[in-house]
Amino acid sequence: PAAKAGIRTGDIVVSVDDKGITDTTTMLNAIAALAPGTKVKIKLVRGGQEFDSVVTVATRPQPRREPQTP
């Protein structure tokens, strides 16, 4: 969902739905509190420039489990 909204690796999220973001945990909690399918405005900083992007929240994929070797 982030890539579809134009968010790139290295972008700094400064707000989610106009709520300030101070760290990764705050960002993850803010997004996790939103229902899948919700559209939310994300304010980002990239290369010193601020801009907004609208993201549609999706269900977080299950983590991949690596096969265990004996």
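Grouping the Ile, Leu, Val, Met, Phe, Trp and Tyr side chains by contacts below 4.5 angstrom, directly or via other members, places Leu34 apart from Val14. A chain of hydrophobic side-chain contacts below 4.5 Å, direct or via other Ile, Leu, Val, Met, Phe, Trp or Tyr residues, connects Val55 to Leu28. Grouping the Ile, Leu, Val, Met, Phe, Trp and Tyr side chains by contacts below 4.5 angstrom, directly or via other members, places Phe51 with Ile7.
Side-chain atoms of Asp23 and Thr26 include a donor-acceptor pair closer than 3.5 Å.
For the side chain to side chain contact (heavy atoms under 4.5 Å, CB included) criterion with Ile42, the lone passing option out of Asp11, Asp17, Val13 is Val13.
The minimum heavy-atom distance linking Pro36 with Ala58 is given by the pair CB-C, 4.3 Å. Ile31 and Val57 make their closest contact through O-CG1, 4.4 Å (heavy atoms, listed as atom of the first residue, atom of the second, distance). Scanning all heavy atoms of the two residues, the minimum distance from Ile21 to Ala30 falls at CD1-CB, 4.2 Å. For the residue pair Ser53 and Ala5, the shortest heavy atom distance occurs at OG-O, 2.7 Å.
Once rounded to the nearest 0.5 Å, the distance linking OG1 of Thr9 with CZ of Arg46 reads 10.0 Å. Interatomic distance, CG of Asp18 versus NZ of Lys43, reported as 7.5 Å (0.5 Å rounding).
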